[in-house]
Amino acid sequence: MAEGSGQRQHPRNLQGILRMAVEAGSASDGPAPQQAMSEERKAWLREALADICKGQQDEVEQMKQCLSILWRTTARESQEHKEEEEEEETEGALELLSELCENLDNARDLMVLGGLDLCVSRCLSHAQGGIRWRAAQLLASCAQNMAEVQCYLLRQGTLATLLQLIDCDPHPTVKVKALYAVSCLVREQEEGLRVFLSHDGFSVLMRGMQSDSEKLRTKSAFLLLNLLSAHPEHRDAVLSMGMVQQLVSVLRSPHSSFHEHVLGVLCCLVDGCDRGVSDCRDPALGLEELLKHRALELKGKEECQEELAYCERLQTACFQHLSADNNGMDR
């Protein structure tokens, strides 16, 4: 259809609606517009924006309905004969809330509605593991990239509860989801990191790396690597816990992809840190031979190049000059 015919199609999505609104608002900034917005288009735009606002209101109503379900079902947890359908209803409500709270506005609204308090006080301690892990997932959805929610949850003591779940919960998925929520509360969050340290969070991650759960081992190692990379000032505290010895012990377990993160942590601990280098050189650990053997195993494996690079960095940082000294003595 020819441009300027007066039959321009209306946009059908939010992006198009917003573009139309911007164009209408900025028309007076430039030369005289080629085509003024007709009354019909203005009316359509008002209606479309009203629909968007209504959609947001509908999501708030959905959250209120979910919370009503959770208040009802968790209040009756102590009853002996709970219906299986009721448990599924609770899990479904938590899943829908997690999906809705990917939208930061909804996460804030859930906080105002008391949903976070309910999740922490009842759902994280629920007898059913399926409800506990979905509650942890919901907290993670609300906390990620949302400083207001992060600070609120930290004030409620949520981080300590989550760390306890990682350490002690019998359900492996609960541990993994609780660790995800912890990550959302401490990464790039100064107050969260302070609370994490006050509850010996690094020890919790170390125990996570020694777990039977592959997912928990991997995510624990990744979070430890991330935190030490972003906050090298905490290396001394970690080293004083005997972290190098424990990490090397982990490396001696059957090879796994998460060993890449473990080696990365060791690199963080020796980078410009004499104490870290000294710990790695302890002959009782046998780290030099372990690194040589691991490097030979990894060479030629395209998917292991990052891990190989970490091995070589550790060899250079900790043992290169020792090898040179030994060669000089041999001569």
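All residue numbers refer to positions in the sequence shown, counting from 1. Bear in mind that the values here come from a model prediction, so they are computed numbers and not experimental data.
Both V176 and L163 belong to a common hydrophobic cluster when Ile, Leu, Val, Met, Phe, Trp and Tyr are linked at side-chain heavy-atom distances under 4.5 angstrom. Both L138 and Y152 are assigned to one and the same hydrophobic cluster, defined by single-linkage of ILVMFWY side chains at heavy-atom distances under 4.5 Å. Linking ILVMFWY residues whenever their side-chain heavy atoms come closer than 4.5 Å, directly or via other members, leaves F319 and L296 in distinct clusters. In the hydrophobic clustering of ILVMFWY residues, with side-chain heavy atoms under 4.5 Å counting as a link, L308 and L291 come out apart. In terms of hydrophobic clustering, with Ile, Leu, Val, Met, Phe, Trp and Tyr side chains grouped at heavy-atom distances under 4.5 Å, M209 and V238 are assigned to a common cluster.
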For side chain to side chain contact (heavy atoms under 4.5 Å, CB included), just list the numbers for L197 and L193, CA-CA rounded to whole Å, side-chain angles, deciding distance to a tenth of an Å, and then say yes or no.
-> CA-CA 6 Å; L197 293 172; L193 181 61; 4.3 Å; yes
CA sep, side-chain torsions, deciding dist, call: R217, V262, side chain to side chain contact (heavy atoms under 4.5 Å, CB included) = CA-CA 10 Å; R217 291 198 300 267; V262 176; over 6 Å; no
Step by step, would you call L185 with F196 a side chain to side chain contact (heavy atoms under 4.5 Å, CB included)?
-> CA-CA 9 Å; L185 287 171; F196 176 83; over 6 Å; no
Verdict with supporting geometry, M111 and E148, side chain to side chain contact (heavy atoms under 4.5 Å, CB included) = CA-CA 9 Å; M111 177 181 70; E148 184 180 356; 3.3 Å; yes
For F222 and F258, run ring pair (Phe, Tyr, Trp, His ring centres under 6.0 Å): C-alpha distance rounded to whole Å, both residues' side-chain angles, the deciding distance at 0.1 Å, then the answer.
-> CA-CA 8 Å; F222 181 76; F258 90 98; over 10 Å; no
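Using modelled atom types, no side-chain atom of S278 and backbone atom of D274 make a donor-acceptor pair closer than 3.5 Å. Judged by distance alone, the side chain of K177 and the main-chain N or O of W133 form no donor-acceptor pair under 3.5 Å. Side chain of Q315 to backbone of Y310: no donor-acceptor contact under 3.5 angstrom is found. A donor-acceptor pair under 3.5 Å is formed between the side chain of T74 and the backbone N or O of L70. Side-chain N or O atoms of H126 include one that pairs as donor or acceptor with a backbone N or O of Q128 at under 3.5 Å. A donor-acceptor pair is defined here as one N or O able to donate and one able to accept, closer than 3.5 Å; such a pair exists between the side chain of Q189 and the backbone of E191. For S141 (side chain) and Q137 (main-chain N/O), a donor-acceptor pair under 3.5 Å exists by modelled atom type. A donor-acceptor pair is defined here as one N or O able to donate and one able to accept, closer than 3.5 Å; no such pair exists between the side chain of R134 and the backbone of C123. Within the 3.5 Å criterion, the main-chain N or O of K215 finds no donor-acceptor partner in the side chain of T218.
Side chains of H231 and E233: a donor on one and an acceptor on the other come within 3.5 Å. Counting only N and O atoms by type, the side chains of S253 and H259 include a donor and acceptor under 3.5 Å apart. Side chain to side chain, Q144 and E102 meet the donor-acceptor criterion of an N or O pair below 3.5 Å. There is no side-chain donor-acceptor pair under 3.5 Å between H293 and E289.
Taking 4.5 Å as the limit, some side-chain heavy atom of M241 sits within range of a side-chain heavy atom of S203. You'll find the side chain of M243 reaches within 4.5 Å of the side chain of L269, heavy atoms only. At least one side-chain heavy atom of L266 sits under 4.5 Å from a side-chain heavy atom of L251. In this structure the side chain of L179 reaches within 4.5 angstrom of the side chain of L205, judged on heavy atoms. Contact of the V265 side chain with the H261 side chain is not registered, since no non-hydrogen atoms from C-beta on lie closer than 4.5 Å. Side-chain atoms of R108 and D105, non-hydrogen and from C-beta on, do get closer than 4.5 Å to each other. Counting only heavy atoms from C-beta outward, the side chains of C318 and L287 never approach each other to under 4.5 Å. The shortest side-chain heavy-atom distance between S257 and E214 falls under the 4.5 Å cut-off.
Taking a 6.0 Å sphere around CD of E99, one finds it holds 12 or fewer heavy atoms contributed by other residues, nucleotides or ligands. Environment of CD in E190: sparse, with no more than 12 heavy atoms of neighbouring residues, nucleotides or ligands closer than 6.0 Å. Within 6.0 Å of CD on E188 lie no more than 12 heavy atoms contributed by other residues, nucleotides or ligands. Within a 6.0 Å radius of NZ in K219, other residues, nucleotides and ligands contribute 12 heavy atoms or fewer.
Legend: residues meeting salt bridge (charged side-chain N to carboxylate O under 4.0 Å, His left out) with R313, ordered by chain and number and at least two apart, are absent.
In summary, R72 and E89 engage in a salt bridge, as defined by a charged side-chain N under 4.0 Å from a carboxylate O. Checked for salt-bridge contact, D167 and R207 meet the test: a charged N lies under 4.0 Å from a carboxylate O. In summary, E307 and R294 engage in a salt bridge, as defined by a charged side-chain N under 4.0 Å from a carboxylate O.
Between A140 and C184, the closest heavy-atom pair is O-SG, 3.7 Å. The two atoms that bring L162 and A178 nearest to each other are O-CB, 3.8 Å, heavy atoms only. Between V174 and G129, the shortest heavy-atom contact is CG2-O, 3.5 Å. What you find for L159 and G192 is that their closest heavy atoms are CD2-O, 3.5 Å. Between L124 and R132, the shortest heavy-atom contact is O-CD, 3.2 Å. Considering all non-hydrogen atoms of both residues, R252 and L285 come closest at NH2-O, 2.7 Å.
Rounded to the nearest 0.5 angstrom, E95 CD and L100 CG are separated by 12.0 Å. Atom-to-atom distance recorded for S68:OG and L113:CG is 12.0 Å, nearest 0.5 angstrom.
When each of L96, N106, L97 is paired with Q62, the side chain to side chain contact (heavy atoms under 4.5 Å, CB included) condition holds for L96 and for no other.
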